[in-house]
Amino acid sequence: GEAVPAAQRSSWTSFLKSIASFSGDLSSMTAPPFILSPVSLTEFPAYWCERPELFAAIGDQHNPEDRALTVLKWFISTLKGQYTSRNESMGSEKKPLNPVLGELFYGKWPDLNGRGQTDLLVEQVSHHPPITAYAIENKSKGIKLVGHNAQKTSFSGGSIIVKQIGHAVLMVKTPSGETEEYVITLPRLRIDGLWYGSPYIELAETSYIISKSYVCTIEYKGKGYFSGKSHSFKAVLTPAPGVSGKDHVIEGLWHTTSKFIGGPRNGKDFHDVTGKKEEVTALGGESGGEMGEFETRKLWSLVAKGIRDGDFETASREKSKIENEQRQRRRDEAAAGTTWQLKHFTHINSDPVFERLSPLAKIVPPTEDFYTFNENWPPTSR
Ligand code: 0T9
């Protein structure tokens, strides 16, 4: 295809062959230069908040039904950034930089028009397999999102199938002072367009948003299914057993607009992400606002510059330096009988919030591990 530079065609073909015959950790495979992105996966959690006012609005609702609808609207509004933004900014889906253990990313969205400041913190909590943990908090609105994600990949019918592992928990302080919790699961991805060297993501199957009052089931389809169009979804929001309230049904395209197609608001507009988004402001996490050696934009700066400038020799030399340095660290730890200490998160084998809420959507298995967020952040000075 035209998307693959002539000089990289054979390396693209052999890359595809190796994906097809291999299932496991794709992020560690070496890919041809044209498909490399200069951005690390530790920056991806910022997609959860590129419309900070929608996140903030969750804290302004006065009853469980309006909150559940506002949570759903925020969630759907994040999908365009999460799954189509590399196509918009770089022409296709690209292979992100594979974070090192302990890699960090700090950022914020400033307070504007009374929405409050939202803080972002990301830490790579595992390298093999890659697992990224994050916390996003709007303190003044009483909203906090904590989650982690990993992927299991396989190859089928010419596409990469990505099962997302991990979940997020959204905590919302209600006007009565209670903390309302939502478990958020993640959709499955199919990466198509590989043969032509212009990969793009389609979402598939089902994800859930579950609180003790409402269960939301979101179904995803691509071209040729319920609306016939790419990036279609249908969401059904139902009161939990024993909770009085009405069902809401919403249908549309997650990268543009959707409408209520059933329930008390039938016919009304639901979400619209055709307008502008707001990128995160990256911050240095060290005292004085400096960026430390493990902060993603500093750690990868020379690799990223090489990729951006088309200087792949520098990119690959600098990438090898980082990888060798990591291998040496692991050897030193093994020799000293120590292990890497996480900075902001603690791993637990079973998340009590997931155990309590997942049965409402009959999720199997009903338990999942989690990385709990140590509350000592952000520093009060910020
Ligand atoms: C969490 C998101 C995730 C991360 C990425 C599969 C993928 C790594 C994980 C799931 C975010 O909230 C949402 C969006 C995109 C996902 C990435 C897309 C992608 O291709 C990569 C994988 C590891 C590859 O790089 C595959 C090889 C590549 C040549 C295809 C473009």
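Just so you know, ligand 1 is whichever comes first in the structure, and atom 1 is the first atom listed for that ligand.
- With respect to atom 29 (C) of ligand 1, the closest heavy atom belonging to the protein is F15 CE2, 3.5 Å.
- For atom 6 (C) of ligand 1, the closest non-hydrogen atom of the protein is V162 CG2, 3.8 Å.
- The nearest heavy-atom contact from the protein to atom 1 (C) of ligand 1 is N149 ND2, 3.4 Å.
- In summary, the atoms of ligand 1 found under 4.0 Å from a heavy atom of R86, numbered by their order in the structure, are 14 (C), 15 (C).
- The residues E88 and K277 are annotated as not salt-bridged, no charged nitrogen and carboxylate oxygen being separated by less than 4.0 angstrom.
- Against a heavy-atom cut-off of under 4.0 Å, Q164 is close to the following atoms of ligand 1: 10 (C).
- Ranking protein heavy atoms by distance to atom 19 (C) of ligand 1, first place goes to I191 CD1, 3.7 Å.
- Nearest non-hydrogen protein atom to atom 21 (C) of ligand 1 is P96 CD, 4.0 Å.
- Heavy-atom proximity to Q82, at under 4.0 Å, picks out these atoms of ligand 1: 11 (C), 12 (O), 13 (C), 14 (C).
- Look at E219 and K234 and you find no salt bridge, because none of the NZ, NE, NH1 or NH2 atoms lies under 4.0 Å from a carboxylate O.
- Note on K298 versus E286: no salt bridge recorded, every NZ/NE/NH1/NH2 to OD/OE distance being 4.0 Å or above.
- Within 4.0 Å of atom 9 (C) of ligand 1, at least one protein heavy atom is present.
- Looking at residues two or more places apart in sequence or on another chain, you find a salt bridge (charged side-chain N to carboxylate O under 4.0 Å, His left out) between R330 and E333.
- Within a 4.0 Å radius of atom 31 (C) of ligand 1, the protein contributes one or more non-hydrogen atoms.
- Short contacts between ligand 1 and K95, defined as distances under 4.0 Å to a heavy atom of the residue, involve ligand atoms 25 (O).
- The residues K246 and E65 are annotated as not salt-bridged, no charged nitrogen and carboxylate oxygen being separated by less than 4.0 angstrom.
- The protein heavy atom nearest to atom 16 (C) of ligand 1 is L189 CD2, 4.0 Å.
- Near P199, meaning under 4.0 Å from any of its heavy atoms, are these atoms of ligand 1: 31 (C).
- In this structure, Y47 falls outside the shell of residues with a heavy atom less than 4.0 angstrom from ligand 1.
- With respect to atom 5 (C) of ligand 1, the closest heavy atom belonging to the protein is L41 CD2, 4.0 Å.
- Using a 4.5 Å cut-off between side-chain heavy atoms of Ile, Leu, Val, Met, Phe, Trp and Tyr, with links allowed through other members, M90 and Y196 fall into different hydrophobic clusters.
- Not a single N or O atom of Q151, backbone or side chain, sits closer than 3.5 Å to an N or O atom of ligand 1.
- At a threshold of 4.5 Å between non-hydrogen side-chain atoms, the residues Y208 and L357 do not count as touching.
- In this structure, H255 and H231 have perpendicular ring planes: the angle between them is above 60°, well past the 30° mark.
- Within the 4.0 Å heavy-atom cutoff, I201 counts among the residues contacting ligand 1.
- Remark: E318 does not engage K305 in a salt bridge, criterion side-chain N to carboxylate O under 4.0 Å.
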Task: Verdict with reasoning, E202 to Y200, per side-chain hydrogen bond (donor to acceptor under 3.5 Å, both in side chains) - done: CA-CA 7 Å; E202 186 54 279; Y200 61 93; over 6 Å; no

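- Counting only heavy atoms of the protein, atom 26 (C) of ligand 1 lies nearest to L26 CD1, 3.9 Å.
- Between W74 and the choices W48, Y182, F270, the ring pair (Phe, Tyr, Trp, His ring centres under 6.0 Å) rule is met once, by W48.
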